[in-house]
Every structure is written in C-alpha cells, then in structure tokens.
Amino acid sequence: MHYESGGYYNDENLVVPEFVTTRLDEIVASFAPYRSTNRLLDIGCGAGALLLAAKKAKWDAEGVELSLPTVQHLRNQGLKVFPGELVKAAFPTAHFDVVTAAELIEHVPDPAALVAEVARILRPGGIFWATTPHSNGASARVLKLNWSIISPPEHLHLFSTRGLARLLSEHGFRKVQVQTEGLNLTELAGAFRGEQASVGPQDNAGHSRVNADYRLNETLMKSPRRRVLKNSANAVLRASRLGDFLKVRAER
C-alpha cells in the first residue's frame, strides 16, 4: 500500500513547526481529567508530534502507523509504535484512557470498523479525540470538486457534523461534541481571484495545502492580538458550522 511504503511521508512533512507543538501541548493538557490507566494511543501518529507531547506530559503513550519507514523514524526517537492497522495491534479491551486520530478517519476504507475498534479499546469514561475535513464547510461549498481535500484514493470519506456524531453515537460514545473550525484561506482566496485549481499528484497538492495552512497559522499565532483574531474567527465558524475541519471529543 501507498502509506506502508513510506511515500506519504518525507523529511519535509516529518518536521513539525514550533507553534504546532505548542498547540499539541495544550490539547494533551486537556486530557488530564481522563487520566486513570495513564495510557494514551495515537492512531496514524505520523511525525509523532502528539506522542512526544503526551510523553512530555508523563503519559504512557504509544502509536499506530502504517508507514514502515516512519515507524522506524519514530522508534529511533524512543517512541513505542505498532506498524500496521489498528485492529491488527490487538490491544486489550478497555485498555486506554485516551485515543486520538488526527486527520485519519477520512483515509480509512471502513470508518465504522475503525470507530468500533476505538470504542472497544477505550475504557468506560475514556475519551476519543479526532479531527477530519468537513464535507459541508465553506471550502467544500465554494470549491466543490476543486477543493484539494477531494482527493481519492487518499481521502475516501468526508463527514458532516451530524453524520460523524451519529457514527460515534451508534458505537456507544456519549457526550459527543463535534465542532467546525478553520478555513483554507489560501485555496478560497485563489478561487475568488479566478485561479485554476492546481493539478498534479494528490500527495503534492495535499502537502502544499498543509504547508500553506501551517504558514498562515504561524502568522496568526505570533502575537496575542492575532491569536484573539483567530479565536474569534473560529468562534464564528463553530456557530455557523462553516469551518473546514471537524474537531471531535467523545466519551466512551
């Protein structure tokens, strides 16, 4: 498979900007009320930034990752990572306090099976935290099939807030919160200027989009005033449900 061969990751996208590390520290800190077994799992752990943040916060953190070269890269950093699909890791039932899956569920052929396995390995009262693109966000509505997120076979499923909440509820999750945040301003601005959507390998388009998002977010995080602006914009996107990305917190 494409992910297993390592083609999805390279030296460029295995490096995480400092502002992302800071944000991940904040996210991991929000998991503190759920600490019981002290075990945290990150599915599709990629560059390992969330695992490193969890390890810094004294969690017994481990990951699951399909890309075999990436697994070796993470193991070289002292991280515990299973090479392969989540179900093949065969974790014990009710094993983890926290399971995370950032920008993952859109990639898997069977999201329901993934959610069912997450529900099995989470302890009662544990939390599932995830992010994924939003099928009804501003970029999806404006750009339609020109949105870089529409990229099969890399992205196989896109969810609405209601659809993702229903999927989680059907597999025993409660207190399900699905919020919409973020805009792909680079792509939207290009569309309003009448620019033709870029063509080429989907990996390159996806990495270009991520890098553009990184640069914009880094600019917005450089001063308290800009951060207030970003938080205010996200508040509007949550209220309007027009954000480009879904952020999920669901208790088992």
Side-chain angles (χ1 to χ4, degrees), residues 1-3 7-10 12-13 16-17 19-20 23 43-44 46-47 66-67 100-112 114-115 129-168 177-221 229-248:
M1 287 179 63
H2 169 60
Y3 299 110
Y8 189 73
Y9 293 107
N10 53 47
E12 180 181 354
N13 57 33
V16 176
F19 82 91
V20 173
R23 179 60 186 135
I43 312 169
L66 281 178
S67 168
T100 64
E103 304 301 296
L104 172 82
I105 195 169
E106 66 272 16
H107 294 268
V108 301
D110 190 348
L114 175 73
V115 171
W129 177 92
T131 65
T132 189
H134 180 203
S135 66
N136 287 333
S139 290
R141 296 181 185 215
V142 172
L143 300 172
K144 302 185 185 301
L145 293 179
N146 288 325
W147 191 23
S148 63
I149 292 292
I150 310 297
S151 58
E154 181 186 346
H155 293 164
L156 302 174
H157 302 274
L158 294 180
F159 290 90
S160 66
T161 55
R162 184 176 300 177
L164 189 52
R166 183 169 60 247
L167 176 64
L168 292 165
Q177 300 176 15
V178 182
Q179 298 180 331
T180 76
E181 292 186 2
L183 282 178
N184 194 319
L185 291 176
T186 303
E187 285 191 67
L188 286 172
F192 287 126
R193 289 194 299 265
E195 296 177 358
Q196 184 70 26
S198 61
V199 295
Q202 290 296 346
D203 289 350
N204 293 337
H207 294 327
S208 295
R209 170 181 52 79
V210 170
N211 289 336
D213 289 345
Y214 276 169
R215 290 192 295 271
L216 176 60
N217 276 283
E218 189 169 20
T219 299
L220 292 173
M221 298 289 281
L229 176 63
K230 177 185 176 182
N231 290 339
S232 298
N234 274 327
V236 172
L237 292 170
R238 285 193 294 270
S240 64
R241 296 193 173 188
L242 287 176
D244 283 344
F245 300 93
L246 301 178
K247 294 191 175 182
V248 181

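- Closest of all the heavy-atom pairs between His155 and Ile149 is ND1-O, 2.8 Å.
- Put simply, the side chain of Ser135 gets close to the backbone of Ser160: a donor and an acceptor are under 3.5 Å apart.
- Every side-chain hydrogen bond (donor to acceptor under 3.5 Å, both in side chains) that Ser139 has, sequence neighbours left out, goes to Asp244.
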Subject >> Trace of the side chain to side chain contact (heavy atoms under 4.5 Å, CB included) decision for Leu164 with Ile105 >> reply: CA-CA 10 Å; Leu164 189 52; Ile105 195 169; 4.3 Å; yes
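- Judged purely by atom type and a 3.5 angstrom limit, Thr131 uses its side chain to pair as donor or acceptor with the backbone of Glu103.
- Residues Val108 and His157 come closest through the heavy atom pair O-CD2, 3.0 Å.
- Of the possible donor and acceptor atoms, none in the side chain of Glu181 sits under 3.5 Å from a partner among the backbone N and O of Lys247.
- In this structure, the side-chain contact (heavy atoms from CB on, under 4.5 Å) partners of Ala112, at least two apart in sequence or on a different chain, are Asp110, Leu167, His171.
- Taking both residues in full, the closest heavy atoms of Leu156 and His107 are given as CD1-O, 3.4 Å, listed atom of the first, atom of the second, then distance.
- One finds the CG atom of Leu158 at 9.5 Å from the CG atom of Asn136 (value rounded to the nearest 0.5 Å).
- Residues satisfying the side-chain contact (heavy atoms from CB on, under 4.5 Å) test with Thr161, not counting sequence neighbours, are His134, Val178, Thr180, Arg241, Leu246.
- Summarising the geometry of Glu187 relative to Asn146, their closest heavy-atom pair is OE1-O, 3.9 Å, with the distance given to 0.1 Å.
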